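What follows is a short report on a single structure.
Since we're looking at a predicted model, the values are computed, not measured. Just so it is clear: chains get the letters A, B, ... in the order the sequence lines come, proteins before strands, and each one is counted from 1.
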Amino acid sequence: MYGILDCNSFYASCERVFKPHLIDKPIVVLSNNDGCVIARSEEAKDFVPMGAEAFKYENVFKENAIHVFSSNYSLYGDLSTRVMSILSKFSPDIEIYSIDEAFFKLDHVKEDEIADYILIIKNTIEKWVGIPVSIGVAPTKSLSKVANKIAKKYFEKTHGIYVITNEEQRVKALKWTKVENVWGIGRRISKQLKLQQIYSAYNFTMLSDDYVRKKFSVVGLRLKQDLLGEPIIGFEAVKNKQHIATTRTFEKSLKEYEPIKERLATFANACAEKLRIQHSECMCLYVFLKTSSYSKVQRNVGVVIHLPYATNSSFIICKYAVKGLNQLFLKGYNYKKTGVIVMGLKPESQHQFSIFEDEKPKHKVLMNVIDGFNLKCGTSKIKIANQDFKTWKMKQDYLSPRYTTAIDEIIEIKCN
DNA sequence: TCTGGGGTCCTAGGACCC
DNA sequence: TCTGGGGTCCTAGGACCC
């Protein structure tokens, strides 16, 4: 049996952990630069759609006494780690699927004890971390997702947990599930399915293999079989990333070359650091530069740069990223976003030397020292010279403290 | 003035090999 | 009129996820 644990309104719940007076109050959390809504508590869902532009909804926030937060990834990341580590005490086999979700196996639990067991998991996490969660269990991953939806939807009845064990429950659950809510069926495919009068997940599983295969490829076919109760979608091992991106929208648009170069250098450096964390090197970079997609005058350009040898040196990646920018930058535009994506990743251990290279990959020792120092003394204490001394602030007008990861932002308790 | 930021997998088609 | 039968690798684009 597969379980999926999903934190309820995760970012909003994180904000509540240290502000318990917000329990039962509507909360929204905004994206970087306070751009749009990326998380809503249950209470806020009726007033604000997902992705709503913050500046358009200011009045809605006020009128409905909605508490607004800038995203605080230090806090969410740390609380996520705590949730996952508790879950891993209850199951030897977990697959962290996203910041707020994890699949886990329950082979070690007898079938008739599963419901009790997952209730203990749920209660423990709520008690130890303070994050409410929902858990669905079923014979396959895609069915566990369905079970999870039921657990959330009928909270009063299910207390946030639901188990699909037999065929009757499976069919009932799939008949209840709208086809567009199936994990793996997105907007395009659900639209096509509805044109064929396929409205429920159950209808989808009744289509012929041939038709599904032809129309939606092996991906669709695997999903169908998984929904039928045959575990086809397996556990994913933790793998190194195949590409790594660092991209940001600027708070205000930038016209001049220098500040954009600084941003890009910082992003290139960040990519290099991420590469070193997973012990990979990259063979090429993609650099892009764009104006706001809402502005009248558009410039939206990118370039792939092949490196002479695989590297994860901040200096080299940065140097080539700036070379890319030099090809892309034209004066006279209001640029709003730039970014670097490193691609063609290879394990460091399989470094292919070239005839002109030293016996050690470039800057390896130096990068080790820099990473070690930054780890010990704080991120970005050592930067490269293309970067500014100052920290670029994004718009974060509603940022809560990093209660659990910064000692000077730790919660204060006033005692009489 | 204001509109995140990451990822994955699959397929078709082109270019090449024998 | 007719023109085989395998392969591989790479890329762009489309679909999906959070």
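At a threshold of 4.0 angstrom between heavy atoms, the contacts of A:Lys191 with the nucleic acid are absent. Note on A:Ile99: nothing from the nucleic acid sits closer than 4.0 angstrom, heavy atoms only. Among the protein residues, A:Glu236 comes within range of no part of the nucleic acid, since none of its heavy atoms lies under 4.0 Å from any strand. Residue A:Ile185 is classed as a sugar-phosphate contact, given heavy-atom separations below 4.0 Å to backbone atoms only. In this structure, A:Asp34 reaches neither bases nor backbone, as no heavy-atom distance under 4.0 Å exists between it and the strands shown.
For residues 186-233 of chain A, no residue pair satisfies the ring-ring contact (aromatic ring centres under 6.0 Å, His included) rule, not counting sequence neighbours. Pairs passing the ring-ring contact (aromatic ring centres under 6.0 Å, His included) check and including a residue from residues 54-85 of chain A, sequence neighbours excluded, read A:Tyr11-A:Tyr73, A:Tyr11-A:Tyr76, A:Tyr73-A:Tyr76. Every pair passing side chain to side chain donor-acceptor pair (under 3.5 Å) that includes a residue from residues 243-253 of chain A is listed here, sequence neighbours excluded: A:Thr246-A:Lys274. Evaluation of the ring-ring contact (aromatic ring centres under 6.0 Å, His included) test over residues 245-297 of chain A, restricted to residues two or more places apart or in two chains, returns A:Tyr257-A:Phe329.
Of the residues in residues 199-224 of chain A, those placing a heavy atom less than 4.0 Å from an atom of DNA chain B are A:Arg213, A:Ser217, A:Val218, A:Val219, A:Arg222, in numerical order. DNA chain C lies under 4.0 Å from no heavy atom of any residue of residues 242-259 of chain A.
Positionally, the nearest nucleotide of DNA chain B for A:Met394 lies more toward the 5' end than for the other of A:Lys241 and A:Met394.
Remark: the A:Asn374 side chain and the A:Thr379 side chain contain no N/O donor-acceptor pair separated by less than 3.5 Å. Defined by atom type and a distance below 3.5 Å, a donor-acceptor pair is missing between the side-chain atoms of A:Thr311 and A:Glu281. Under the 3.5 Å distance criterion, with hydrogens and angles disregarded, no donor-acceptor pair is assigned to the side chains of A:Asp34 and A:Gln396. Checking A:Ser98 against A:Asp100 by side-chain atom types alone, a donor-acceptor pair falls below 3.5 Å.
As rounded to the nearest Å, B:dC17 and C:dG4 have C1' atoms that lie 15 Å from one another.
Listed by chain and residue number, A:Asp6 satisfy the salt bridge (charged side-chain N to carboxylate O under 4.0 Å, His left out) test with A:Lys152 (two or more places apart in sequence, or in another chain). In this view, A:Phe90 and A:Tyr117 satisfy the ring-ring contact (aromatic ring centres under 6.0 Å, His included) rule, not counting sequence neighbours.
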Atom pairs and distances, donor-acceptor, side-chain atoms in residues 171-180 of chain A, under 3.5 Å, two or more places apart:
{"from": "A:Trp176", "atom 1": "NE1", "to": "A:Tyr154", "atom 2": "OH", "distance (Å)": "2.8"}
{"from": "A:Thr177", "atom 1": "OG1", "to": "A:Ala173", "atom 2": "O", "distance (Å)": "2.8"}

Distance-only check: which donor-acceptor pairs under 3.5 Å involve side-chain atoms of residues 220-230 of chain A, not counting sequence neighbours?
{"from": "A:Lys224", "atom 1": "NZ", "to": "A:Leu207", "atom 2": "O", "distance (Å)": "2.8"}
{"from": "A:Lys224", "atom 1": "NZ", "to": "A:Asp209", "atom 2": "OD1", "distance (Å)": "2.5"}
{"from": "A:Asp226", "atom 1": "OD1", "to": "A:Ile232", "atom 2": "N", "distance (Å)": "2.9"}
{"from": "A:Asp226", "atom 1": "OD1", "to": "A:Ile233", "atom 2": "N", "distance (Å)": "2.9"}
{"from": "A:Asp226", "atom 1": "OD2", "to": "A:Thr140", "atom 2": "OG1", "distance (Å)": "3.0"}
{"from": "A:Asp226", "atom 1": "OD2", "to": "A:Ser142", "atom 2": "N", "distance (Å)": "2.9"}
{"from": "A:Asp226", "atom 1": "OD2", "to": "A:Ser142", "atom 2": "OG", "distance (Å)": "2.6"}

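Counting heavy-atom neighbours within 6.0 Å of A:Trp392 CH2, excluding the residue itself, gives a total above 12.
Counting 5' to 3', DNA chain C first comes under 4.0 angstrom of a heavy atom of chain A and last does so at the ends given by C:dA15 to C:dC18.
Remark: DNA chain B takes part in the stems B:5-18 with C:5-18, each of 3 or more antiparallel Watson-Crick or G-U pairs, criterion distances under 3.5 Å.
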